[in-house]
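Every chain is numbered from 1 and lettered A, B, ... according to where its sequence line falls, protein lines coming before strand lines. Below, each value reflects all heavy atoms present in this structure, side chains not excepted, and no hydrogens, waters or symmetry copies.
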Amino acid sequence: MLTSPFTFEKPTTIADAIEAVGDSGESMFYSGGTELLLAMKMRVIHTERLVDIKGIPGLDRIVLTDANEIEIGSRCTHKRIAADPVIREHAPALSTLCDNVANVRVRSVGTIGGNLCFGEPHADPPTMLAALNARLVLQGQTGVRFVHADEFIRSELETVREPDELLTMIVFPRPTGPVTYRRFKHGERPSVNVAMAWSMEATSSTIKTARVRVGALGSRPQPLKAVEDALKGRSIADVRPAIEAVLAEALDELDINDDRHGGADYKRHLAGVLLLRNAEEAMTRGKRSR
Amino acid sequence: MSNPTDSMSSVRPDLIEKVTGRAEYITDLVVPGMLHGFVVRSPVVHARIVSIDTTAARLIEGVVDVLVGADVASFGRWGVVLKDRPIIAIDRVRYVGEPVAVVIAETVEIAENAAELVDVEYEELPRATTIREALADGAPLIHERHENLEDFYFKGGARPTQNSNVFHTYRSSVGDVDAAEAIAAHVHEDSFTFPAISHFAMEPHTVIADFQGDALTIWAGAQTPTAVQKVLSRLFGLQLAKIRVVVPFVGGGFGGKASVKIEPLVAAASWKVRRPVRVAQSISDSMLTCRRLGAEITIRTAVDAKGRILAKTAKLLLDGGAYSDTGSAVATKSANRIMGPYVMPNLRLEASAVYTNTVPGAAFRSIGGPQAVWAKESHMDNVAAAIGMDPVEFRLINMAGRGERTRPDLRPLDMDMSELVGRVTQSPVFETQGSNRRARGLAVAATDPANTPIANAIVRLKIDGSVSVSVSSIEVGQGAHATMARVAAQTLQQRFSAVTTLRTDTDIAPYDWGTGASRSTVVVGLSVESAALDAADQIFDMVADVWELPKDSLTLVEGGVSTGSEVLTFHQIFHRALGVDSGEVVGRGGITPRSKKGALAESPLFWETSAGLAEIVVDEDTGQIHVPRYASAADVGRVINRVAAEGQDEGAAAMGFGHALFEELEFDDGQPVNATPIDYTIPRITDVPPVFDTILVENGDGPGPGGAKGMGEGAILPVAPAIANALFSTYGIRITDLPMTPEKVWRALQKRK
Ligand SMILES: Cc1cc2nc3c(=O)[nH]c(=O)nc-3n(C[C@H](O)[C@H](O)[C@H](O)COP(=O)(O)OP(=O)(O)OC[C@H]3O[C@@H](n4cnc5c(N)ncnc54)[C@H](O)[C@@H]3O)c2cc1C
């Protein structure tokens with residue numbers, strides 16, 4: 001199947017790209033095209049014009065800033081992120097995640113920005129980025145705004161991004177403790193995934209705060225508040241009982257779609273399995289880094 | 001190990017063309033003046049077509065015409081067993097995906113855009129979307145009447161039940177099952193289901209048709225070009241000799257391109273516009289074109305106190321979809337294939353194929369085999385458990401030996417099934433570290449390929465010693481063309497590189513039944529062998545005549561003929577015999593059921609066999625099955641090309657892993673749920689066992705060239721039941737429906753607890 005006819009533009013600045021998309025609703029940003037072109041060929045997305053952002057310099061940067069934050073340009077491909085030395089050093093779990101997204105063809109052209117902006121619920125990066133407390137930088141005709149990763153996806157295939165806003169960057173604080181991620185999939189995309197990021201007290205093996213996100217179950221990643229609270233101030237040695245004490249209750253609060261990826265009870269159970277496995281890994285990593 | 005230069009010169013020529021990108025598939029062909037067709041498909045499950053409005057589509061610039069049912073209604077219906085299929089939906093659609101219009105335009109883009117403007121009004125009809133619904137009292141009839149074509153494609157035909165959705169029933173009965181069950185020590189019954197599965201060939205169905213007056217040329221990835229020729233000849237009233245079917249390289253068929261598929265549709269499009277028309281489907285289109293038949297199976301075995309099988313009963317219901325295609329043969333074969341290589345003195349088999357309002361069923365690698373073997377080999381372990389016997393032991397004491405018949409009307413077994421069982425259980429892959437003896441499951445299969453012994457071949461030996469082989473076998477990746485070249489080269493004592501197998505073209509190639517049913521190496525191979533011998537004989541005649549030598553003193557050598565005292569080159573022979581420095585001999589070879597004093601007539605021509613031993617590890621928290629080790633054994637008689645033969649065995653097993661763990665073409669009240677390559681999952685290389693042993697048993701006892709048997713369809717069969725049996729023995733759960741998804745396994749583990 002082929003796309004319906006469209007025109008194509010390749011601006012070289014962010015401003016031109018935003019201008020080109022405009023607010024008529026008839027143009028779309030085009031990055032790796034791995035989602036967009038498929039949807040256009042299946043004719044579930046129609047657009048008059050594609051605005052290619054691959055000609056804009058600077059959108060594929062990855063840096064650790066002086067403010068101790070990691071910035072990832074929206075146009076970085078999964079492959080680029082997986083291999084990046086900064087990410088490998090400071091967020092190795094994100095590197096591994098990107099190394100395992102989709103297939104080699106998608107990884108080498110598909111971008112992190114495209115992944116987020118498509119708003120597909122069965123995705124890997126949104127869960128991880130929410131656990132990392134990332135902010136997304138959106139630039140539109142009226143200026144720049146920051147959106148928390150937790151708030152970016154509004155519903156299935158819909159984000160809070162306005163059509164003429166370009167996602168330019170993803171920013172998150174450099175992790176100060178173990179970050180773990182697991183997904184379960186049987187088929188093309190994750191059925192459920194769990195990301196957990198601990199920040200550690202500087203001098204002891206005590207968890208200062210924990211962020212836990214479960215993804216792919218509803219339209220966007222969901223926090224496991226009860227688990228986060230239970231882990232706060234906890235010593236690594238006590239992690240398992242602390243989680244187990246609140247797990248059932250925490251899982252019960254998840255909003256879960258019954259879909260082709262499995263029944264809600266099964267996926268709820270899987271979320272618990274992945275969480276505990278993440279915790280085991282985080283415990284050994286947390287200890288090792290002492 | 002052969003030396004490297006040797007093996008390079010014997011590399012299959014088709015593989016070199018493929019890896020260098022030169023190989024031509026249909027979408028690489030351009031026929032001058034060619035237009036492009038785009039198929040508009042039914043979005044509804046079962047409906048009357050109230051109206052089709054093509055006005056808006058026709059107004060688009062570049063649209064040449066739109067084919068609809070009314071254009072071709074007068075041609076009537078076609079089929080290969082039952083004549084149940086219109087060229088394109090006329091007044092009714094019977095499944096989602098059925099073609100209702102073909103927009104024909106200058107470019108594919110224009111055709112596809114205009115297709116969105118074709119306006120079809122439907123009036124929904126009551127539907128029957130599953131076997132149960134189709135058999136229920138008062139079920140809507142998907143076809144009002146059944147018109148059987150006897151001996152048209154297969155020997156025999158269908159046995160439909162009038163005024164029902166059952167389009168075929170096959171029964172076979174031996175001895176007295178009831179009496180045997182009455183005296184049995186144990187009688188055990190199980191039920192299993194099997195889903196519809198997509199062929200998922202990398203190359204979707206693509207056809208170019210060029211109607212020119214009373215002649216028609218078709219370029220298609222057809223596995224059975226002569227069946228395409230025959231159906232088109234009947235449908236359009238054309239002479240067979242005026243229909244040419246050309247088959248370039250084919251990107252996978254697996255039965256999904258056997259018999260006849262979209263060729264009549266594309267031919268009709270060309271007929272309408274009087275220009276060549278190409279229809280290139282997408283994989284999603286092909287997923288709505290045909291699929292493997294789903295099944296519901298009940299199987300019962302009676303054993304005596306020592307565990308010997310006294311009687312076996314099986315009832316199989318197959319979901320044939322909206323049009324019968326070859327579903328009747330699939331049903332018959334499923335009954336034969338549920339027997340297995342066992343001694344069963346009393347047997348009662350019944351298999352029916354049923355119409356449903358879903359994608360039409362079709363042949364698929366070992367027709368009816370995976371359905372039947374899934375049930376029978378899972379059941380064997382259940383019976384063994386019920387009588388407290390080891391499942392391997394239970395199989396071995398009931399196995400029919402070489403030369404024994406499993407049913408009076410079938411050829412005696414031509415192999416030792418116990419040898420295959422021994423080979424897989426002793427495979428070195430299970431000797432490796434970490435292997436767990438207790439987590440293994442075994443399954444075996446012996447199937448009767450429908451390898452119709454009808455084929456012809458032409459072998460032409462040229463003055464320079466080069467040879468061309470012409471057969472109707474298609475090259476679908478399995479290496480048939482190289483195999484035919486090898487048979488000719490060996491028979492004529494010439495180098496492999498001197499022989500070329502010509503691209504399949506019915507204008508040149510003689511009649512053959514088709515590429516399927518594991519038959520080409522044996523049946524077409526024998527024809528090539530006899531054609532080569534015929535060519536040799538003609539050369540010997542020339543030498544005997546011109547040089548006045550006794551024929552029996554002559555032998556072929558590379559480049560010519562040895563008289564015993566000297567070597568005459570082919571050049572010398574032709575030049576002296578014909579007086580000019582040119583010429584060739586045309587050798588003809590053919591196989592019929594009467595060949596070899598009728599030795600090929602009994603069915604099956606050979607038994608296709610396989611044994612599979614799977615070792616599994618289950619993640620009990622998620623239900624995910626891993627298969628770290630697998631051994632597959634097949635008795636192939638003789639290997640002609642080892643890489644190709646192992647590739648066939650491994651490919652079949654990999655497909656079996658798909659069937660076992662991933663694949664199901666799902667329908668929700670008749671609506672396809674996952675008929676796209678994104679939503680339908682086939683195994684990746686990381687999903688098949690990292691340690692895999694292919695064991696090819698060669699006793700040189702097959703009917704084919706050099707003692708070869710056919711192969712390529714066996715290894716798919718044991719995979720699912722072997723894994724299920726390992727799950728049963730190791731984890732105590734019995735899965736009765738495929739695929740064995742993690743969720744299903746997890747739920748079964750929960751229930752066990
Ligand atoms: C076969 C397959 C398997 C996959 N499996 C997985 C998986 O397992 N896990 C997973 O997480 N993902 C998976 N994906 C999704 C994959 O990660 C995305 O396709 C890819 O990252 C999208 O990036 P892109 O650059 O190609 O986006 P595009 O297709 O170019 O764009 C996608 C959407 O985002 C918009 N967009 C793109 N960039 C920007 C931007 N900078 N600012 C604003 N809007 C923008 C576009 O307008 C469009 O709407 C899979 C995809 C495929 C095709």
For A:Leu2 against B:Glu112, the heavy-atom pair lying closest together: N-OE1, 2.7 Å

For A:Leu270 against B:Asp621, the heavy-atom pair lying closest together: CD2-O, 4.1 Å

Greatest number of heavy atom pairs closer than 4.5 Å to chain A - which of B:Val108, B:Thr622, B:Thr681: B:Thr622

Contacting moiety of A:Leu38, where chain B heavy atoms sit under 4.5 Å: side chain

Of the backbone (N, CA, C, O) and the side chain (C-beta and beyond), which part of [X] lies under 4.5 Å from a heavy atom of chain A, both, or neither?
| X | value |
| --- | --- |
| B:Asp679 | both |
| B:Asp619 | side chain |
| B:Ser282 | side chain |
| B:Gln750 | neither |
| B:Glu116 | side chain |

Has [X] got more than 12 heavy atoms of other residues, nucleotides or ligands less than 6.0 Å from its [atom1]?
| X | atom1 | result |
| --- | --- | --- |
| B:Ile685 | CD1 | no |
| B:Lys744 | NZ | yes |
| A:Lys225 | NZ | no |

Test: A:Arg260 and B:Asp668 ion pair at under 4.0 Å: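 Salt bridge: no.
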
Approximate separation, where rounding is to 0.5 Å, of A:Lys267 NZ and B:Glu743 CD: 8.5 Å

All side-chain hydrogen bond (donor to acceptor under 3.5 Å, both in side chains) counterparts of B:Glu620, not counting sequence neighbours: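 If we apply the side-chain hydrogen bond (donor to acceptor under 3.5 Å, both in side chains) test to B:Glu620, skipping adjacent residues, the hits are B:Arg752.
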
Under the side-chain hydrogen bond (donor to acceptor under 3.5 Å, both in side chains) test, residues paired with A:Ser95 that sit two or more places apart: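 Applying side-chain hydrogen bond (donor to acceptor under 3.5 Å, both in side chains) to A:Ser95 gives none.
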
B:Glu109 (side chain) donor-acceptor with A:Pro5 (main chain) under 3.5 angstrom: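 It does not hold such a pair.
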
Inter-chain contacts: residues 180-195 of chain A against chain B, heavy atoms under 4.5 Å: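 Interface residues of residues 180-195 of chain A: A:Phe184, A:Lys185, A:His186, A:Gly187, A:Glu188.
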
Counterpart residues, ring pair (Phe, Tyr, Trp, His ring centres under 6.0 Å), relative to B:His36 (two or more places apart): none

